[in-house]
Chemist: 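I have a structure I would like to understand better, so I am pasting it below and will then ask my questions one at a time.
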Amino acid sequence: MPRRTMIEAIRDAMDVSMARDERVIVYGEDVGFFGGVFRCTQGLQAKYGKNRCFDAPISESGIVGSAIGMAAYGLRPCVEVQFADYVYPAYDQIVSEAARLRYRSNNDFTCPIVVRMPTGGGIFGGQTHSQSPEALFTHVSGLKTVVPSNPHDAKGLLIAAIEDPDPVIFLEPKRLYNGPFDGHHDNPVTPWSKHELGEVADGHYTIPLGKAAIRRQGSAVTVLAYGTMVYVAQAAAAETGIDAEIIDLRTLLPLDLDAIVASVKKTGRCVVVHEATLTSGFGAELAALVQENCFYHLEAPVARVAGWDTPYPHAQEWEYFPGPARVGRALVETMEA
Amino acid sequence: MPRRTMIEAIRDAMDVSMARDERVIVYGEDVGFFGGVFRCTQGLQAKYGKNRCFDAPISESGIVGSAIGMAAYGLRPCVEVQFADYVYPAYDQIVSEAARLRYRSNNDFTCPIVVRMPTGGGIFGGQTHSQSPEALFTHVSGLKTVVPSNPHDAKGLLIAAIEDPDPVIFLEPKRLYNGPFDGHHDNPVTPWSKHELGEVADGHYTIPLGKAAIRRQGSAVTVLAYGTMVYVAQAAAAETGIDAEIIDLRTLLPLDLDAIVASVKKTGRCVVVHEATLTSGFGAELAALVQENCFYHLEAPVARVAGWDTPYPHAQEWEYFPGPARVGRALVETMEA
Amino acid sequence: MADAGMLRFHVPEPEVRPGGTPDFSNVTIPKAGSVPRPEVNVDPRTIRDMAFSIIRVLNRAGEAVGPWAGLLTDEELLEGLRHMMTLRSFDARMQMAQRQGKTSFYMQHLGEEAVSCAFRKALQPGDMNFPTYRQAGLLIADGYPMVAMMNQIYSNEADPLKGRQLPIMYSSKEHGFFSISGNLATQYIQAVGWAMASAISNDSRIAAAWIGDGSTAESDFHAALVFASTYKAPVVLNVVNNQWAISTFQGIARGGSGTFAARGLGFGIPSLRVDGNDYLAVHAVAKWAIERARRNLGPTLVEYVTYRVGAHSSSDDPSAYRPKAESDAWPLGDPIIRLKNHLIHKQVWTEQRHIQAEAEILETVIAAQKEAESHGTLHAGGKPSTRDMFEGVYAETPPHLRRQRQQAGV
Amino acid sequence: MADAGMLRFHVPEPEVRPGGTPDFSNVTIPKAGSVPRPEVNVDPRTIRDMAFSIIRVLNRAGEAVGPWAGLLTDEELLEGLRHMMTLRSFDARMQMAQRQGKTSFYMQHLGEEAVSCAFRKALQPGDMNFPTYRQAGLLIADGYPMVAMMNQIYSNEADPLKGRQLPIMYSSKEHGFFSISGNLATQYIQAVGWAMASAISNDSRIAAAWIGDGSTAESDFHAALVFASTYKAPVVLNVVNNQWAISTFQGIARGGSGTFAARGLGFGIPSLRVDGNDYLAVHAVAKWAIERARRNLGPTLVEYVTYRVGAHSSSDDPSAYRPKAESDAWPLGDPIIRLKNHLIHKQVWTEQRHIQAEAEILETVIAAQKEAESHGTLHAGGKPSTRDMFEGVYAETPPHLRRQRQQAGV
Ligand SMILES: Cc1ncc(C[n+]2csc(CCOP(=O)(O)OP(=O)(O)O)c2C)c(N)n1
Ligand SMILES: Cc1ncc(C[n+]2csc(CCOP(=O)(O)OP(=O)(O)O)c2C)c(N)n1
Ligand SMILES: [Mg+2]
Ligand SMILES: [Mg+2]
């Protein structure tokens, strides 16, 4: 099977979707001729023409707002926000409009859009190229929120997102674009070409939104993770020798609660990890759900490991990033609790 | 002591602050001549002149963005967003700018602004006059978030917010403007003039940000609430006869975790209530914190009662609103768990 | 230096406030027929002045004059009159129903009926409006059933929106009426996106965006102009300047530009101002702008100069912020009376037939109201189910919402 | 109808792409000295044409001509030259340092040095700039220490911003330089707010807002124009049109308006265009706009026509989207060479002294760099502490953050 980087997988998902469905339109800042600052849309304008892949003005609200109008018309726009840190100007259009259009019009108008954006830190991008705003979307009824962790999933999930009849926020952990980064920033990253999840089949396939994947079977403790933190958790498990069951959520909303509950009932312990700031992060929802649904099985409090409650700093990137040492410590503490 | 409605108390807080400190400036949509659609700023333009209280264009991003500039200059703007549902156009300015200005400039520039906004439902306002977006602010490092539940607190907290050196989001539960609404929408509301928390001293006083208040002492179960839900919880306790300890958080961030932990360690049970949609609501953070900090004292899972994960509907307002019956059921279930 | 350099803060103020005498002497009203009608493919740079004038057709004598006149037949004009009268009657009844507690909220069009009624008649089937809450004339003039509107207003069991939306936030794809949002201005850029989609699809349908004077200050207004200008989207960008935004006079949103049409000049978009109380002028300008869109000539910005005679909404009382008689002093008159006078002048209408028509229309409205009320009002009779509340959040209800619905026992 | 009405989608394209021959024949360049200089209290409606012209002072012969000339002494011009040369030298060294891995990121000013260097000299102490990442000339020309800039770029132990900010996101209240945001356009409305505050306080200090051509599409640009126009804020609204926004040519943001200055026309704001590669023209226009602000005449919009000669940032490679030699073809030349030629023409400067000055400046920059590097670079030597990361989120660290800091062991 061909191996692809995550960038290639994402590009391939759009390519496949554009080839199959004329209604799929791709645009965003620097997305057209140049192919995006991360090159995710490279070649699409040449292949499908300027009508279907083009540069947008620097206006995130305009990009998402116009996409909503296109979706109401009957197209299926898949737009890019250059960094998740720049999604806020579009937040009103996403929250007040895209998320509620079907509901408020009782299916008269719908909004099948995908808003793609690179997320997460680890590239010395400072506070405006590092954020993980997923919890700001999971609180909003009417949205779906997806965070792939590897090329195989990224392609299948993105095609599913494009085909989904409702708005999907698609967060791409940029630190994973080229390989499965595990938080050991001093080590070179294995490229996707050397990783089995870099295997990306040609042509059309989907991964259903709302289904988690177990990345490591284990019996001692359940780790709930997504995106980059899946690899950090794997490293932490390996380094502590703790037999963790690592669940890659893939879709945060709808959430695969069944998979989570089954695992925690088995292990009796749970550690939640994410890169976003701790307070009111998506980990809070996960911890709340786990204790609600597994209370009588829990042998220790659900622990959360997350970015600190500060803006993402530049120089102290690795002190901020919840790397394998911090996750490992939480695993040990949870086992000892 | 004089009794005031919550509207009068809020107005008085601004009046007192403007009189004491020339730097306090008040503006927003319809805020000047008319005095605001809820009349919270009535009379301030006449008293302090158009330089200090004026109408703004309908541009929430402009209102907050200009306030940030004024704060950087050295003023202390206290601006109104007409409904919390309309804060999203300003979300970028709040999250990317106000919240991070001190940090990113290492105290070179600071942002002492207050953004006031009416929040919550119960007035048949439909999906755009009913929202409770507090969790969208508590996730943002650098912001403080306040939700008063009565005139006395509203005044003291608002003065504290205006005097605070950092940006404060001040959410005013509009269903409480005229009296302590407990969710029994068929009953007339007691006016604040008949309620002891309607007692609002003249002149200057503050209530520190970050301190909760116990509204009902109890031993059976701790209820964490804020805003309107404080009264709903009181009604639920009265109606179920359960000896609940009801904590009115008042400030969500910084949170009075000590008060919460002390109470839950005493009662061994906890119910969290809010009007915002459940998933990723502030209740998730509260439940996560309680189980983290009180795990070995908990005799039942922390329960959450919240608005359903749908937009706020118009006709089904009372089916949506987490009223005393739903809160009461959670109390009973938590006691029986 | 210190004194000379002392800065002063400037806050625009309306000419008068309650207690004062209404004064519109600052509003320059060009004579009907005096503004030329350029070709639709005119170079926008040559017609910048039109953003500072007012296109008018009906003069004080009730005659239709000048280059923008002559587009409508007598039948069409009579139909237009009926639409406006229907909207006014509908408003009056629904306003009263709100006062009677039959619903929570209402917003009227009083004085602004010509804008949406005339515009609708210039569109083709399939075109899409992205309206605000003050363009119900688009529905009335397109024959959307009044009963359906009332069912929505009452949030009753027959409400097409299942009780989910605030009253008057209608939606009808079939009638080219995009779901109204309570959030101002958001729909303006969506209209441009819809128009872009139509162009991308080599369709022939065009879009119309709607916004109020006050809401042009919102940022989405800018996004719309940027996208419309860059992609030459087939869209008509309508600004309804009814002088007020709740309690705020239009000078606060407009600032030093003189007019709202002027905003288009910064984007190279042809920008016209039109007498919004003149059915014929509104229709003629709408036709012009729509033809431009349809002929791939790109967007047009149109400012409708009108006056909000009623309160902002049923929650508002304008006597607190403007003189009571201000609407009487409004120099552009009443759109219904002006069209009526024109038709009388043309001898195709009489005072008597007008009175008769008023009565007939009222009867139709009352009949519709009866029917709607048989399906319930907000607090009485049939209402949408709790189950309806849980549906339509997504195409397929996800597990967490199914669990919540079960918890709610439905 | 069907065919005639078939809509087509329009996406603007630059004249040439890589492989093509650079072509600026579409850019009309008025002769130096040809644009009149109106009084500062001119009625904006009478100078709309200025939004479509270009104010220029230095002609091809190196002479300063026309009504905008004559404001600066030889010493001031020599100082200006030094500032621009310093900025260019600084850029070159820091770009190299980034390539050497001493920091993560850098952004150059190549070709745009005149804009910020000349503007700064037109301001008074106390005035406040709200810059983007491409106005470091404001700091250089105000004497802000280069070492401090470098410390920030290196995020080292002496970084005034404690390592928290991306390189080049300087902040200096003392030097009238507002903390740079990574989010485009947000600072534009903040500048207007600052100016409003100054007016409210009856102060005499004014604000300057900065934005790039591409970023004018952002919504905050609109908010700024609305507020500036309504409250007549004492602010200069600067748009630096360097033709590119990363890979996107300015036509995508500009659309059909012809120029960015035109945006001001919709707000009744006097709007000028100036040759951004002409130190004298930039300074003269800045003076004019600043005087307007200071004299309570309200905002002015100024578009600086220039060209981004370098890559967008150290993460960018422009050869993928524009012809390599495009910058050579840019008709407004290089700002340093033009000012140098003018000074040589005036006989106060020579080629030889220029070469000598270049060497001296390089030495100063290298000395500063050495000093900065003694405090560390991003991955080596002294760096801000982990504790610094936890501080400054609030004036007083709240309990939850204290707990987290303890967890982090600092
Ligand atoms: C984003 C947003 N901000 C504020 C409001 C509250 N609001 C509702 S209508 C209105 C005034 C709108 O005035 P205008 O645009 O002139 O329209 P008009 O009501 O006069 O037709 C305001 C401020 C809102 N609905 N949405
Ligand atoms: C809100 C936001 N969206 C996108 C970006 C990414 N971005 C950084 S610079 C840039 C181009 C800006 O171009 P322009 O305004 O012309 O300024 P220039 O770089 O040419 O000086 C973009 C898109 C950002 N920083 N902020
Ligand atoms: Mg209005
Ligand atoms: Mg640029």
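Per chain, numbering begins at 1; letters A, B, ... match sequence-line order.
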Chemist: I'd like a table of donor-acceptor pairs (distance under 3.5 Å, sequence neighbours excluded) in which one partner is a side-chain atom from residues 65-72 of chain A, with atom names and distances.
Modeler:
| residue | atom | partner | partner atom | Å |
| --- | --- | --- | --- | --- |
| A/S66 | OG | A/Y27 | OH | 2.7 |
| A/S66 | OG | A/G62 | O | 2.7 |
| A/S66 | OG | A/I63 | O | 3.0 |

Chemist: Top residue by heavy-atom pair count (under 4.5 Å) with chain D, among A/P57, A/P311, A/G35?
Modeler: A/P57
Chemist: Considering heavy atoms only, which positions within residues 177-191 of chain D lie below 4.5 Å of chain A?
Modeler: D/G182, D/N183, D/L184
Chemist: Under 4.5 Å between any side-chain heavy atoms of D/E13 and A/K50, yes or no?
Modeler: yes
Chemist: Checking heavy atoms, do the side chain of A/S59, its backbone, both or neither come under 4.5 Å from chain D?
Modeler: both
Chemist: Counting only non-hydrogen atoms closer than 4.5 Å, does A/E60 touch chain D with its backbone (N, CA, C, O), its side chain (CB onward), both, or neither?
Modeler: both
Chemist: Would you indicate whether the side-chain heavy atoms of D/F390 and A/P313 approach each other to under 4.5 Å?
Modeler: no
Chemist: Between A/P89 and D/S219, is there a side-chain heavy-atom distance shorter than 4.5 Å?
Modeler: no
Chemist: Can you check whether anything in residues 401-410 of chain D gets within less than 4.5 Å of chain A, heavy-atom wise, and list it by number?
Modeler: D/L401, D/Q404, D/Q407, D/A408
Chemist: Calculate, to the nearest 0.5 Å, the distance between atoms OG and CD belonging to D/S155 and A/E317 respectively.
Modeler: 10.5 Å
Chemist: Is there any residue in residues 379-388 of chain D with a non-hydrogen atom under 4.5 Å from a non-hydrogen atom of chain A, and which ones are they?
Modeler: D/H379, D/K383, D/P384, D/S385, D/T386, D/D388
Chemist: When only pairs under 4.5 Å are counted, which of A/D55, A/I123, A/V31 shares the most heavy-atom pairs with chain D?
Modeler: A/D55
Chemist: So for A/Y312, is it side chain, backbone, both, or neither that comes closer than 4.5 Å to the heavy atoms of chain D?
Modeler: backbone
Chemist: Would you give the length of the straight line joining atom OG1 of D/T397 to atom CG of A/D309, rounded to the nearest 0.5 angstrom?
Modeler: 12.0 Å
Chemist: Has A/Q316 got a side-chain atom pairing as donor or acceptor with D/K162's backbone, closer than 3.5 angstrom?
Modeler: yes
Chemist: Counting only non-hydrogen atoms closer than 4.5 Å, does D/H10 touch chain A with its backbone (N, CA, C, O), its side chain (CB onward), both, or neither?
Modeler: neither
Chemist: In Å and rounded to the nearest 0.5 Å, what is the CZ to CZ distance from D/R322 to A/F33?
Modeler: 12.5 Å
Chemist: Between D/V393 and chain A, with a heavy-atom cut-off of 4.5 Å, which part of the residue counts as in contact: side chain, backbone, both or neither?
Modeler: side chain
Chemist: Can you say whether A/F124 sits under 4.5 Å from chain D via the side chain, the backbone, both, or neither, judging by heavy atoms?
Modeler: both
Chemist: Under the side-chain hydrogen bond (donor to acceptor under 3.5 Å, both in side chains) rule, what do D/S104 and A/H314 come out as? Steps first, then yes or no, please.
Modeler: CA-CA 9 Å; D/S104 57; A/H314 177 250; 2.6 Å; yes
Chemist: Go through D/S315, D/P12, D/P167 and name the one with the most non-hydrogen pairs under 4.5 angstrom from chain A.
Modeler: D/P167
Chemist: To the nearest 0.5 Å, what is the distance between CD (A/E29) and CD1 (D/I252)?
Modeler: 11.5 Å
Chemist: State yes or no: are the ring centers of D/Y321 and A/F34 separated by less than 6.0 Å?
Modeler: yes
Chemist: Check whether A/T310 gets within reach of chain D through its side chain, its backbone, both or neither, counting any heavy atom under 4.5 Å.
Modeler: both
Chemist: Quick one: do D/H400 and A/T279 satisfy side-chain contact (heavy atoms from CB on, under 4.5 Å)? Show the steps, please.
Modeler: CA-CA 9 Å; D/H400 69 285; A/T279 297; 4.2 Å; yes
Chemist: Quick check on A/L278 against chain D: is it the side chain, the backbone, both or neither that has a heavy atom closer than 4.5 Å?
Modeler: side chain
Chemist: Could you look at A/R329 and say if it's the side chain, the backbone, both or neither that has a heavy atom under 4.5 Å from chain D?
Modeler: side chain
Chemist: Counting only heavy atoms closer than 4.5 Å, note whether D/F9 contacts chain A via side chain, backbone, both or neither.
Modeler: both
Chemist: From A/I58 CD1 over to D/T248 OG1, what is the distance, rounded to the nearest 0.5 angstrom?
Modeler: 6.5 Å
Chemist: So which part of D/L378 gets closer than 4.5 Å to some heavy atom of chain A, the side chain, the backbone, both or neither?
Modeler: side chain
Chemist: Quick check on A/V37 against chain D: is it the side chain, the backbone, both or neither that has a heavy atom closer than 4.5 Å?
Modeler: side chain
Chemist: With only heavy atoms counted, which part of A/Q42 is less than 4.5 Å from chain D, the side chain, the backbone, both or neither?
Modeler: neither
